[in-house]
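Presented below is the structure to which this report refers.
What you see is a predicted model, and the numbers here were worked out from it, not measured in a lab.
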Amino acid sequence: MATPDTPTVDTAEKIFIGKGEQPAWLTLALANRHGLVTGATGTGKTVSLQVMAEGFARAGVPVFAADIKGDLSGISEVGEAKDFILKRAADMRLSFQPDQFSTVFWDVFGEQGHPVRATVSEMGPLLLSRMMDLNDVQEGVLNIAFKVADEQGLLLLDMKDLRAILSFIAEHAGELTTQYGNVSKQTVGTIQRQLLVLENQGGDKFFGEPALDLKDFMRTDRDGRGMVNILAADRLMQSPRLYATFLLWMLSELFEQLPEAGDPSKPKLVFFFDEAHLLFNDAPKALMDKIEQVVRLIRSKGIGVYFVTQNPIDVPDKVLAQLGNRVQHALRAFTPRDQKAVTAAAQTFRPNPKLDTARVIMELGKGEALVSFLEGNGIPAMVERIMVRPPTARIGPITPEERKAIIDTSPVKGKYDTAIDSESAYEVLQKRVTGASSGGGGFLDQIGGIVGTIFGANAPRGRLSTGQLIARNVTRSVTNKVVGGVAADLGKSVGGSIGGSVGRAIVRGALGGLLRR
């Protein structure tokens with residue numbers, strides 16, 4: 001056992017996770033090599049996640065975590081010195097110090113946190129196709145819709161915009177077929193029906209403006225601690241495709257927006273992806289390739305991704321190989337498949353001659369885990385059996401009143417709480433049909449074409465050019481600063497400034513729909 005003077009508190013370089021024969025440390029400089037937290041329901045995964053999140057926050061690293069059951073919300077309130085917590089702390093020679101962490105709550109539906117929105121253009125056709133479970137033919141037609149919107153200078157912000165552009169290509173199917181390939185009204189109709197399903201699942205609340213600025217996840221509080229961002233995902237989990245695609249979109253956006261960071265002394269942001277198997281279930285090859293690419297490359301941006309799921313076999317091998325920091329809670333082997341899963345889990349660890357890893361996995365008690373963290377030059381440590389340290393903040397959910405008090409004093413209060421309905425594809429196409437704005441569509445067409453030529457927006461979808469990257473950054477800066485009634489007024493006018501609909505057409509409509517990297 002560790003001697004009394006063995007340090008068992010966080011240091012500037014490491015997070016103390018728990019103790020067995022030796023203390024178990026997660027090295028901050030290696031934390032962006034990603035990780036995996038696995039185990040059966042009720043074995044302590046959420047507590048381990050909370051311990052890690054607290055450690056990162058203390059080290060000044062912002063955290064984002066999806067909260068499936070509401071249990072993680074307790075991190076925002078002062079911990080309680082309950083008997084089992086004091087006993088576990090004493091067994092580890094820890095002095096239990098109750099603590100709490102600055103927290104921002106988010107919710108796609110805007111009920112248990114600040115609304116989270118993305119524009120249709122930002123989501124792109126690949127992820128939208130995944131969200132709606134489209135086949136290859138339908139995905140092809142959706143790509144044509146995005147391409148036409150780019151060329152027409154039409155902003156795709158919310159679901160009514162997407163419906164409008166789909167109706168537009170259905171009406172002009174004959175003209176488009178010669179240029180892009182077959183566009184059938186039947187296929188467009190199928191996509192429209194899938195849009196209705198997505199809308200009923202809450203997609204209408206997710207798509208729109210003001211769009212989320214991911215920099216708001218990367219804040220520290222006045223004490224220099226990392227902010228803990230918690231996504232209320234209990235209702236979102238009822239729409240698993242929306243949940244998984246939303247989190248993948250966030251990773252993709254972080255990957256594209258952040259500069260290269262090399263090997264920082266600590267991550268810029270740590271991202272916990274609960275129920276991670278949903279990301280991979282029935283994912284087509286193109287999407288799997290995208291996931292693998294993002295996970296492989298995003299660590300160079302200083303982002304650590306930690307998948308939380310019941311079993312390592314839930315994660316594809318190519319992704320699993322990139323998850324260097326492992327926490328394995330108990331698994332139960334009641335069926336042949338369970339036994340195979342236990343064997344597979346044991347084989348993911350660096351062997352320890354003192355442990356029969358497969359046997360220990362089935363013997364672990366609540367709060368116990370097998371761990372292997374990266375050390376030295378990024379080499380996994382031998383697997384060790386530990387007791388996870390107790391969290392210092394509250395364990396379990398907070399009350400609705402406590403949540404409301406935190407939301408009311410949030411640093412982003414007012415920024416996202418009111419939706420903005422700017423002039424976009426729906427309004428422009430309506431004007432063309434009714435003739436309410438003579439020549440308006442043609443003007444936008446000309447502007448879209450000019451900017452497409454300058455910045456390469458009319459080029460095939462792929463890696464963004466430097467000009468496109470600059471324009472997209474201008475887009476986010478402009479659209480996130482212009483809020484409320486000001487944005488609504490600007491969005492409806494095409495006066496002497498380059499704001500409003502024309503500005504948005506240039507920087508978001510013409511460029512935002514591109515499928516990035």
Could you tell me how the ring of F307 sits relative to the ring of F280: parallel (under 30°), tilted (30 to 60°) or perpendicular (over 60°)?
tilted

Ring-plane angle category for F64 and F217, please: parallel below 30°, perpendicular beyond 60°, tilted otherwise.
tilted

With no hydrogens and no angle check, is any side-chain donor or acceptor of E54 less than 3.5 Å from a backbone partner on A393?
yes

Side chains of V37 and M52: does their closest heavy-atom pair fall under 4.5 Å?
yes

Close side-chain approach of L162 and L128, heavy atoms under 4.5 Å
yes

Mark yes or no: R403 above the aromatic ring of F105, with NZ or CZ under 6.0 Å from the six-membered ring centre and no more than 45 degrees from the axis.
yes

Quiz question: by atom type and distance under 3.5 Å, do the side chains of T41 and Q310 form a donor-acceptor pair?
yes

E384 meets the side chain to side chain donor-acceptor pair (under 3.5 Å) criterion, sequence neighbours left out, with none

Which atoms form the tightest heavy-atom contact between V61 and K268, and what is the distance?
CG1-C, 4.4 Å

Kindly write out the residues that satisfy side-chain contact (heavy atoms from CB on, under 4.5 Å) with S129, not counting sequence neighbours, or none if the list is empty.
L134, E139, L142

Residues which pass side-chain contact (heavy atoms from CB on, under 4.5 Å) with K285, listed by chain and number, not counting sequence neighbours
D289

I need the S239 OG to F109 CZ distance, nearest 0.5 Å.
5.5 Å

